[in-house]
Protein chains: 2
Amino acid sequence: MKILIVEDEVGLREAIGSSLEKESYRIETASDFDTASEKIFLYEYDCILLDIMLPDGNGLELLAELKKQGKSENVIIISAKNTLDDKLKGLELGADDYLTKPFHLAELNARVKAVLRRNKLDGKEVVEWKNVRLDLNDRQLFVNNQEVQLNRKEFDILNYFLLNQQRLVTRVALAEYVWGDHMDQADNFDFIYSQIKNIRKKLKESAAEIEIETVYGLGYKLVRI
Amino acid sequence: MKILIVEDEVGLREAIGSSLEKESYRIETASDFDTASEKIFLYEYDCILLDIMLPDGNGLELLAELKKQGKSENVIIISAKNTLDDKLKGLELGADDYLTKPFHLAELNARVKAVLRRNKLDGKEVVEWKNVRLDLNDRQLFVNNQEVQLNRKEFDILNYFLLNQQRLVTRVALAEYVWGDHMDQADNFDFIYSQIKNIRKKLKESAAEIEIETVYGLGYKLVRI
DNA sequence: CTTCTACAATTAGAATTTTCATGGGGTAAA
DNA sequence: TTTACCCCATGAAAATTCTAATTGTAGAAG
């Protein structure tokens, strides 16, 4: 579940962010109109928290644009203004919910959860293959419906493999996906070796019907056993 | 799949290039307006990465031209500008996607893949002749739909032969294609002999309907059996 | 036509290099 | 503290190149 927070006030933005991160959503933030519309344009968000009062433009414009693109159902308006006027405009434009400052973070969490539940069928994001299932929401791995403990990197890597099952996965691509692209010198893949080793072990121990095959000189491939 | 990278900044250009090459696309580059429009005019590309800010002309002009020629569907705009204005212009002109610097290479890869998938029937690139099929993506050889294990050099060599089937392939050309051109002393082709031997063996063992014929004093030729 | 000669090409296997796996240890964050 | 993560040393495995002995070829000479 990916959530975008559009809020110019640093303190509030970070407070909301860390609160939602604890619920294990993935958080991105924008502090002004431009970067917000940029991000909205580029990525898919499951929920957008939108502060109406932005320094360089009115949040309602953003909402209008989202509406045009048919992406306005997941928006929760945040505003100091509590005039009925603005509220109505927001809802006319299809915002899902409306929250006035100040508010309790618990309240926000509840609304977010509600929005997500309403729009997706409880926002289940899972990837499955053979007897393994990866739950993207709470970042859990199940083999034969039995949970297998994975740590963060292991999860990310396995996730990437499942996105590219049966296809060649180069170590560079993997590194970029999991570590971000600041692989200073790309000639040291020791950490990948380590992680792969551990994932293989866990897959084997849990009797998963898939395995990570190495393609000598090129990378890896996720195949069924 | 052939991709053109139009980007004036050397570092970025090469980073993108090598990243995409690892995904086994064929890459060409242009660093300025003129060579870019030149190449676009001359060749067909499956995807064009276009930096808006070029030293000798605005990338949007290029895009406009592509639009006129009906070739604008495969363009991904790259830009430092993140103003909505430019973005909209780009999209009006039919660009397929928009990416602002800085970005993760993994992100770019994903977009490219998406564009290719949307426009062509998936990004699978294969070369076939008689009963042999070479999968350029996964670098696999199939004879009669049966996989035959090849190592890197063998694959590259066979690939080159299939690109030049029935035509003479000199050892020098082969060496340049497979080993890069720093063949210090060009009078030692022992490694080629070795590789050719192994490929021949594997082709014969798998009952391929093609074989590598030697042209005495000149090189080789791939012919049907 | 046969033989000779000077290369050209093939081959098996040895030697080397590249690539990968693994366990252990250190460090920093939780 | 524990845990996650990364680094390093070691060795194994695969790929690649090299070596040296053998065989094949074209053309000239007998």
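Protein chains get the first letters and strands the later ones, always in sequence-line order, with residue 1 at the start of each. Atom set for the values below is all heavy atoms of this structure, side chains included, hydrogens, waters and symmetry mates excluded.
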For this session: Identify the heavy atoms of B:Ser31 and B:Arg13 that sit nearest to each other, and give their distance.
Result: CB-NH1, 3.2 Å
Exercise. Looking at the side chain of B:Trp179, which of D:dT17, D:dC6, C:dA9 is the nearest nucleotide?
Worked result: D:dT17
For this session: Check B:Ile16, B:Leu4, B:Ile77, B:Val6 against B:Leu49 for a side-chain contact (heavy atoms from CB on, under 4.5 Å) and give me the one that passes.
Result: B:Ile16
Seminar exercise, completed: When rounded to whole Å, the CZ to C1' distance for the pair B:Phe191 and C:dA15 reads 16 Å
For this session: State whether A:Arg171 places a side-chain N or O below 4.0 Å from either non-bridging phosphate oxygen (OP1 or OP2) of C:dT19.
Result: no
Exercise. Below 4.5 Å, heavy atoms only, C-beta onward: do B:Trp129 and B:Leu134 meet side chain to side chain?
Worked result: no
Problem set entry | Test log, rule side-chain contact (heavy atoms from CB on, under 4.5 Å), inputs B:Leu136 and B:Tyr25 | CA-CA 9 Å; B:Leu136 284 309; B:Tyr25 301 119; over 6 Å; no
Problem set entry | Whole-Å gap separating P (D:dA4) and CD1 (A:Ile196) | 17 Å
Problem set entry | Nearest-Å distance for atom pair OH/P, residues B:Tyr193 and D:dT23 | 17 Å
For this session: For DNA chain C, find the residues of residues 204-211 of chain A with a heavy-atom distance under 4.0 Å and give them by number; none if there aren't any.
Result: none
Seminar exercise, completed: Between its two end axes (five pairs each) the helix from C:dC1-D:dG30 to C:dA30-D:dT1 turns, nearest 10 degrees, through 20°
For this session: Rounded off to whole Å, could you give me the CD-to-P distance for the A:Gln195 and C:dC20 pair?
Result: 17 Å
Exercise. Can you tell which of A:Arg200, A:Arg171, A:Glu213 makes a side-chain hydrogen bond (donor to acceptor under 3.5 Å, both in side chains) with A:Tyr220?
Worked result: A:Arg171
Exercise. In whole Å, what is the span from the CZ atom of A:Phe189 to the C1' atom of C:dT22?
Worked result: 18 Å
Exercise. Does CD in B:Glu205 sit with more than 12 non-hydrogen atoms of other residues, nucleotides or ligands closer than 6.0 Å?
Worked result: yes
Exercise. How far apart are the closest heavy atoms of B:Ile76 and B:Cys47, and which atoms are they?
Worked result: CD1-SG, 4.1 Å
Exercise. How would nucleotides 24-30 of chain C be written as a contact map, 5' to 3', with B for base contact, S for sugar-phosphate-only contact and - for no contact, using protein heavy atoms under 4.0 Å?
Worked result: -------
Seminar exercise, completed: Here the pair of heavy atoms bringing A:Gly17 nearest to A:Ile27 is O-CG1, 3.8 Å
For this session: Measure the distance from CD on A:Glu213 to P on C:dA21 and round it to the nearest whole Å.
Result: 11 Å
Problem set entry | Donor-acceptor under 3.5 Å (A:Asp32 side chain, A:Thr35 main chain) | yes
Exercise. Rounded to the nearest Å, what distance is computed from the NZ atom of residue B:Lys153 to the P atom of nucleotide C:dT19?
Worked result: 9 Å
Exercise. Is any N or O donor-acceptor pair between the side chain of A:Tyr216 and the base of C:dT18 shorter than 3.5 Å?
Worked result: yes
Exercise. Within a strict 4.5 Å, meaning less than it, do heavy atoms of the B:Ile192 and B:Ile157 side chains meet?
Worked result: no
Exercise. Counting any heavy atom closer than 4.0 Å, what does B:Asp190 reach on the DNA or RNA strands: base, sugar-phosphate only, or nothing?
Worked result: base
Problem set entry | Other residues, nucleotides, ligands: >12 heavy atoms within 6.0 Å of B:Lys2 NZ | yes
Exercise. Over how many whole Å does the gap from B:Asn151 atom CG to C:dC20 atom P extend?
Worked result: 13 Å
For this session: Would you indicate what B:Phe155 reaches in the nucleic acid, counting non-hydrogen atoms under 4.0 angstrom: base, sugar-phosphate, or nothing?
Result: nothing
For this session: Examine distances only and state if a side-chain atom of A:Asp156 and a backbone atom of A:Val178 form a donor-acceptor pair shorter than 3.5 Å.
Result: no
